[in-house]
Amino acid sequence: MSEQPLVGIVMGSKSDYDVLLPAIEILRALEIPHEARVLSAHRTPEQLSEYVETARERGLQVLIAGAGGAAHLAGVMAAKTLLPVLAVPIAATSLNGLDSLLSMVQMPKGVPVGTLAIGKPGAANAALLAAEILALTDTALYDRLAAWRVARAQEVLEQTLPE
Ligand code: RP5
């Protein structure tokens, strides 16, 4: 997107991209400027710090962190910023994302991480929650979000079952 990004999506590996795609698609659909980066809390700690520490001055307002395994990414990011950090646990190990979920949701008191569901539903909801946060001060976005919600309800009402 050419506009100044408002939402920054960080994933621990390119292998997380497919799971985070629903978040990117929703941000696109709601016309929310965003950016996505691969940065790892343990493999690129300095670059991750630089990204998060400069996020606010670069205009970002919400951060989304997606990671698998021990998934310390979101907590490390939250430690470096007062921007809201929304976390998406990713099933990347034999524990199927439960490891990431517990890591993200069990942040010690004082440094919050808003943790969503494991996998693609969590990614989609992270984007929607980011949109709701931004819509607090953006009435045009609020209207787009309301229309999106109405469209989802309409989809359900139009569903038919076999005779
Ligand atoms: C985590 O380890 C990443 O977020 C990813 O979910 C997982 C596996 O990473 P790769 O081995 O695919 O790079 O750090």
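Note that ligands are numbered from 1 as they come in the structure, with each ligand's atoms numbered from 1 the same way. Counting begins at 1 with the first residue of the sequence.
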May I ask you to check whether over 12 heavy atoms, not counting those of L82, lie within 6.0 Å of atom CG?
-> no
Which residue and non-hydrogen atom of the protein lie closest to [atom], and at what distance in Å?
| atom | result |
| --- | --- |
| atom 2 (O) of ligand 1 | G68 O, 4.0 Å |
| atom 7 (C) of ligand 1 | A92 CB, 4.0 Å |
| atom 5 (C) of ligand 1 | D16 OD1, 3.2 Å |
| atom 11 (O) of ligand 1 | R43 NH1, 4.0 Å |

side-chain contact (heavy atoms from CB on, under 4.5 Å) test vs I9 passes for just one of L63, L86, L27, namely L27
Which is it for [X] and ligand 1 at heavy atoms under 4.0 Å: side chain, backbone, both or neither?
| X | value |
| --- | --- |
| H42 | side chain |
| A67 | both |
| K14 | neither |

Quick check on contacts: which atoms of ligand 1 are under 4.0 angstrom from a heavy atom of [X]?
| X | answer |
| --- | --- |
| S13 | 3 (C), 4 (O), 5 (C), 9 (O), 10 (P), 12 (O), 13 (O) |
| G12 | 3 (C), 4 (O) |
| S15 | 9 (O), 10 (P), 12 (O) |

Heteroatom proximity flag, S40 to ligand 1, N/O under 3.5 Å =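 Looking only at distances, the answer is no, because the N/O contact criterion of under 3.5 Å is not met.
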What's the shortest heavy-atom distance between G69 and T93, and which atoms?
-> CA-CG2, 3.7 Å
Counting distance only, does the side-chain N/O of [X] pair as donor-acceptor with the main-chain N or O of [Y] below 3.5 Å?
| X | Y | value |
| --- | --- | --- |
| D143 | A140 | no |
| R144 | L30 | yes |
| D138 | L134 | no |

Approximate separation, where rounding is to 0.5 Å, of I90 CD1 and M104 CE |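 I90 atom CD1 to M104 atom CE measures 7.0 Å (nearest 0.5 Å).
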Taking atom types as modelled and ignoring hydrogens, do the side chains of E155 and Q159 form a donor-acceptor contact shorter than 3.5 angstrom?
->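 Looking only at side-chain atoms, Q159 and E155 do not form any donor-acceptor pair under 3.5 Å.
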